Amino acid sequence: MTRERFFIVDAFAHIFRSFYAIRNIDNNAVYGFTMMLRKLIADENPEYLAIAFDTSEPTFRKELYPEYKANRDAMPESLVPQIPLIKEMIEGYNIPMVAMPGFEADDIIGTLAKRAAEQGVQAVIVSGDKDMLQLVQGDDIVMFDPKKGVHYLGEAGIPEFFGCRPNQIIDLLSIWGDSADNIPGVKGVGEKGAKKYLAEYGSLDGIYENLDKITAKRARTGFEEARETIDLTKTLITIRTDLDLTFDKDTYVRKEPDANGLRAFFTRLDFKSLVDATPPKLKRISRDYQLLDTEERLKEVLAEIRDKGFFVFDIETTSLNTIEAELVGMALATEVNQAYYVPLRHEGQDATWSDSAEALLKDVLADTNIIKCAHNAKYDISVLFNLGWDVAGRIEDTMLMSYLINPNEDRHGMDHLAEKLLNYRTIHFDEVAGSGKDMVTFDKVPLDKACNYAAEDADITFQLYDILFPRLKEQDLHRVYDTVERPLIPVLARVENSGVQIDEGYLKTMSAKMAEEIEALEQAIYELAGEEFNIKSTKQLGVILFEKLGLPTVKKTSKTKSYSTDQSVLETLSAKGHALPAKLLEYRMFTKLKSTYVDALPTMICPKTGRVHSSFNQFVAATGRLSSNNPNLQNIPIRTEMGRDIRAAFVPRDGWVFVAADYSQIELRLMAHFSGDDTLVQGFRSGEDIHRRTAGEIMDVDVNLVTDDMRRAAKSINFGLIYGMGEFRLAQELGITRKKAREYMETYFEKMPRVLGFRDEVIEKAREIGEIRTYFGRHRQLPELASRNKNLQAQGERLAVNTLIQGTAAEIIKIAMIRLDEAIREQDLQAKLLLQVHDELVLECPEEEKEVVSRLLGETMEHVVHFEVPLVAEVRTGTNWKETK
DNA sequence: GCGTGAACGTAC
DNA sequence: GACGTACGTTCACGCA
């Protein structure tokens, strides 16, 4: 259990620091001090907190020694009016301020720290002032400098920092004196001398007893001259710890800040970033994390879980890779601030215990009457599935909730959410298990540390659930959560665990052939360039092409305004008859395919299963699509013949076949349904070539008279519609003038007016509510629409249309995956879903299941929704992925 | 040596 | 400035 902590802040030390560190804004000290305070609370989450102030009254030191601080300049004029503002801010945060006439903040801090330590609470002095080090006492009173981040100076830290023992600090400071406070020290003795004599004679008294032994003339004279004043110096330097102050927990315990008051205050001071920031909430004052290492206690907690019907769990393993991960322990949370850690297979644990504890946990996880919750549940259930555990019943996922609430955000990790939503800094994994080459697997982490870390994760997940689940409902996101995303989690876990087989030998052969081609191309390129250079360096290539050879520059790159050498540039140059760009295009294609796919895929084969287990990420794409990585199996080439050959390396297991299906034109079909445009709807209903049909309509010719060029133009517009393409892009794509492109688009919208109307309605609605909603109720905030920047607004408009179409298509295929998985399990088929590529699903099944799986796949995909136009899925089978096209 | 951003190219 | 969503590879560069 972590000890309670009392943080005491030296107000003026931080006020001056902020005042001088921050320039160019009004009320700089107020701002800086507020930021420091917020960070302190967020990062450290102290149980108790106080801020100590000096008063303007003369202090006892001044009475003893009139020259005390006599050399201090008056407070800068622009700082004076900020002091009452700072006090107002602190009141808003509801933090006690302590001041005592006749004494300094230091004395208040010293006394309070001592009193807190006497009551078993750790006192943390928030200051960068070295004088404060005299107060440090073991782990009972420590120092913390917020400017340097986490920098505790326990007693052990002092010798190396100061070069003397803690109980010598007052003497050391007395010898040095304090020029800032106008306190004279011992003349002729500097830092080195002071430390040396203290080390030799133990204390100031010791030095005076042995003064005759000091041979250095100047030092000895200095000490003799200071003999009269040294006691006074010592008194001035000594921080008092005997003031008439008590530490009582009720006074200093953290309290809820006045959020409205603070917002008004920050608005008044025009601190824009603070107005909208969540004020640090009070939380987690008392937490109870327990190690569950006896069967009796475990059973008690599990009984409580059964009784409640809900709990949070979080597993600890030896690896982030779900295939390789071994289960080490499981954390459970039953309510906020109440969590447990069940160590299962830590180093040295008894196997009898592991087996019996696991059996008990299995029962609860398999119990469909109990709701489970985890943060990123896919990970936990993947690992448990691999170990043969059943995780059944409703599984909530706080990471999923966070994603649905804000799909534009890319961080949904627990550490980040805890800081953002709970103002709490969690214990990070590397803080218990180390990082880099010092990292140990979790089974080597001592039980007390493991418990604090793991139980905290479960607890934080519980707290996130308490915040996120109500928001999900408030924002009307529970439907997409319940019908699409939450049921998808176990399906994805199974897809990832299945993996896919790769024909390694085939790729190795292919790689060798490509290496030869690349070698030849390299030579030809060097020849044409007249020198050898790094062809892969766009910088070097630009110099060769546009400076050495003097080819005309086609365009510059957007960020750095350097020569662009991309495909379109090389094609333009090649079309002008230049030989080098043509070779470069070929070289680029070979090297791209070889390094990204042919050579990379074999390295991703899992040694344990012999298959490639890509991740399918549910919380990445802002539209609701899945993404894939390690490796990305959603961008395997298909367009070029050479690229397509890579797909032949994806093979089913022995005696099995691939069954794949892709939605035909799903996004354009959604456009047809949403807009209700006659041409599109009729085109899709009659099953004819939709691009040909729209071409006929725009060009006003019979479908049979549509030329390839006309079809190409219509196809570009059809696709462009979904992305919000402009005439500039269309012109570029078709190699026509902007004027001509504009004419095409105008005709398109004249002939198919409801497409334009639909677009406008979507944008209008989105602008009104600030977000777009997909068919199944997913939302995406579109702040761009409220922007005063025209370009950003236009982008917002494109995002609105595209997210509706792309997001709805993503939901449809997700539902197909869920139903397919369900049907496969219900019908006891062996078929396994292996890949999803946005509009395509790839399965493998035994030869004898081929027909039934083909039919099941096609029908499942086609019957997800019943729209104005049919959804068509084209099913194919093959002995590798290439064959299924 | 390591992390990061830019440029490029693959997919839907 | 001009078409949406992703991910991986390579290079260049700054920092330790």
Side-chain angles (χ1 to χ4, degrees), chain A residues 407-408 410 436-437 533-542 555-570 584-585 587-601 603-604 614-640 642-644 646-647 662-663 665-668 716-733 738 741-742 772 780 784 789-807 809-810 813 835-840:
Chain A
N408 285 323
D410 51 10
K437 67 175 177 47
F533 65 102
N534 187 346
I535 308 170
K536 294 192 185 85
S537 161
T538 49
K539 200 178 169 200
Q540 291 180 42
L541 181 60
K555 67 173 174 184
K556 293 288 181 86
T557 58
S558 59
K559 299 272 177 187
T560 63
K561 314 292 174 207
S562 49
Y563 304 118
S564 171
T565 67
D566 71 13
Q567 211 163 47
S568 70
V569 169
L570 295 179
L584 288 167
L585 283 165
Y587 175 85
R588 284 253 176 98
M589 176 163 75
F590 273 103
T591 52
K592 174 76 177 183
L593 295 179
K594 182 169 183 286
S595 64
T596 310
Y597 306 102
V598 180
D599 290 344
L601 285 171
T603 70
M604 306 295 290
S614 160
S615 296
F616 285 91
N617 314 302
Q618 203 177 353
F619 313 133
V620 174
T623 53
R625 270 191 179 181
L626 295 179
S627 84
S628 155
N629 68 356
N630 298 314
N632 181 357
L633 295 183
Q634 293 181 321
N635 72 345
I636 303 299
I638 193 166
R639 285 169 192 178
T640 62
M642 197 196 318
R644 199 151 50 238
I646 293 167
R647 295 199 167 206
D662 65 314
Y663 279 115
Q665 307 282 6
I666 185 165
E667 294 187 346
L668 203 51
S716 285
I717 303 184
N718 281 334
F719 274 115
L721 227 67
I722 295 159
Y723 303 140
M725 182 171 61
E727 61 191 47
F728 179 86
R729 178 68 187 243
L730 183 66
Q732 208 178 16
E733 188 138 307
R738 280 184 65 170
R742 182 161 61 241
I772 183 74
R780 178 183 183 177
E784 295 88 348
N789 177 326
K790 267 196 89 179
N791 287 323
L792 269 180
Q793 263 193 51
Q795 194 192 357
E797 293 174 0
R798 293 194 293 272
L799 292 179
V801 177
N802 182 254
T803 301
L804 170 58
I805 302 281
Q806 191 180 109
I813 197 167
L835 303 175
Q836 189 255 45
V837 193
H838 310 308
D839 66 353
E840 178 186 18

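Residue numbering restarts at 1 for every chain, and letters A, B, ... go by the order of the sequence lines. When reading the values below, keep in mind they use all heavy atoms of this one structure, side chains included, and skip hydrogens, waters and symmetry mates. Quantities reported herein were computed from a predicted structural model and do not represent experimental measurements.
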[X] near the nucleic acid: base, sugar-phosphate alone, or nothing, with a heavy-atom cut-off under 4.0 Å?
X        : answer
A:Ile722 : nothing
A:Ala600 : sugar-phosphate
A:Ala794 : nothing
A:Val620 : sugar-phosphate
A:Leu730 : nothing
A:Ser628 : sugar-phosphate
A:Gly724 : sugar-phosphate
A:Glu727 : nothing

Nucleotide nearest [X] when distance is taken to its side chain, options [options]:
X        : options               : answer
A:Ala621 : B:dC12, C:dA6, B:dT10 : C:dA6
A:Ser595 : B:dC12, C:dT9, B:dG9  : C:dT9
A:Thr565 : B:dA7, C:dG4, B:dC8   : B:dC8
A:Asn632 : C:dC13, C:dC11, C:dC7 : C:dC7
A:Ser537 : C:dC7, C:dA2, C:dC11  : C:dC11
A:Lys536 : C:dT10, C:dT5, B:dC12 : C:dT10
A:Arg639 : B:dC12, B:dC8, C:dT5  : B:dC12
A:Ser627 : B:dC12, C:dC7, C:dA2  : C:dC7
A:Arg738 : C:dG4, C:dA2, B:dA6   : C:dA2
A:Asn534 : C:dG4, C:dG8, C:dC11  : C:dC11

**Study point:** Polar pair under 3.5 Å, donor/acceptor by atom type, side chain A:Gln634, base C:dC7
**Key:** no
Exercise for review: Answer yes or no: side-chain N or O of A:Arg588 and base N or O of B:dC8 forming a donor-acceptor pair under 3.5 Å.
Suggested key: no
Could you state the [atom1]-[atom2] distance from [X] to [N], rounded to the nearest angstrom?
X        : N      : atom1 : atom2 : result
A:Asn629 : B:dA11 : CG    : C1'   : 14 Å
A:Tyr563 : C:dC11 : OH    : P     : 21 Å
A:Tyr723 : B:dC12 : OH    : P     : 10 Å
A:Leu835 : B:dC12 : CG    : P     : 12 Å
A:Ile772 : C:dG4  : CD1   : P     : 15 Å
A:Asn802 : B:dC12 : CG    : P     : 16 Å
A:Gln836 : C:dT5  : CD    : C1'   : 12 Å
A:Met642 : B:dT10 : CE    : C1'   : 14 Å

So, is [X] near the phosphate of [N], with a side-chain N or O under 4.0 Å from OP1 or OP2?
X        : N      : value
A:Gln567 : B:dT10 : yes
A:Ser564 : B:dC8  : yes
A:Lys539 : C:dC13 : yes
A:Arg625 : B:dA11 : no
A:Arg798 : C:dG4  : yes
A:Gln795 : C:dA2  : no
A:Thr560 : B:dA7  : yes

Point to revise | P gap between B:dA6 and C:dA2, integer Å | key: 16 Å
Exercise for review: Could you give the distance separating C:dG1 and B:dA7 at their P atoms, to the nearest angstrom?
Suggested key: 14 Å
Does any part of the side chain of [Y], heavy atoms only, come nearer than 4.5 Å to the side chain of [X], both counted from C-beta?
X        : Y        : result
A:Thr565 : A:Arg588 : yes
A:Glu784 : A:Glu797 : no
A:Leu541 : A:Tyr563 : no
A:Leu799 : A:Ile772 : no

Exercise for review: Find the runs of at least 3 consecutive base pairs, i with j, i+1 with j-1 and so on, that include DNA chain C, using Watson-Crick or G-U wobble geometry with both distances under 3.5 Å.
Suggested key: B:1-12 with C:4-15
Minimum heavy-atom separation for [X] to [Y], with atom names?
X        : Y        : answer
A:Thr560 : A:Ser562 : OG1-OG, 2.9 Å
A:Thr557 : A:Ser564 : CG2-CA, 3.8 Å
A:Gln567 : A:Leu585 : CG-CD2, 3.7 Å
A:Glu733 : A:Ser716 : OE2-OG, 3.3 Å

Study note, to complete from the structure: Heavy-atom nearest nucleotide on DNA chain C taken for A:Lys561 and for A:Leu799; more 5' hit belongs to A:Lys561
Study note, to complete from the structure: Only one of A:Asn408, A:Asn802, A:Thr623 passes side-chain hydrogen bond (donor to acceptor under 3.5 Å, both in side chains) with A:Arg780, and that residue is A:Asn408
Exercise for review: Step by step, work out the side-chain hydrogen bond (donor to acceptor under 3.5 Å, both in side chains) result for A:Ser568 and A:Asp566.
Suggested key: CA-CA 6 Å; A:Ser568 70; A:Asp566 71 13; 3.0 Å; yes
Review point. Are any side-chain N or O atoms of A:Arg647 and backbone N or O atoms of A:Ile636, one a donor and one an acceptor, separated by less than 3.5 Å?
Key: yes
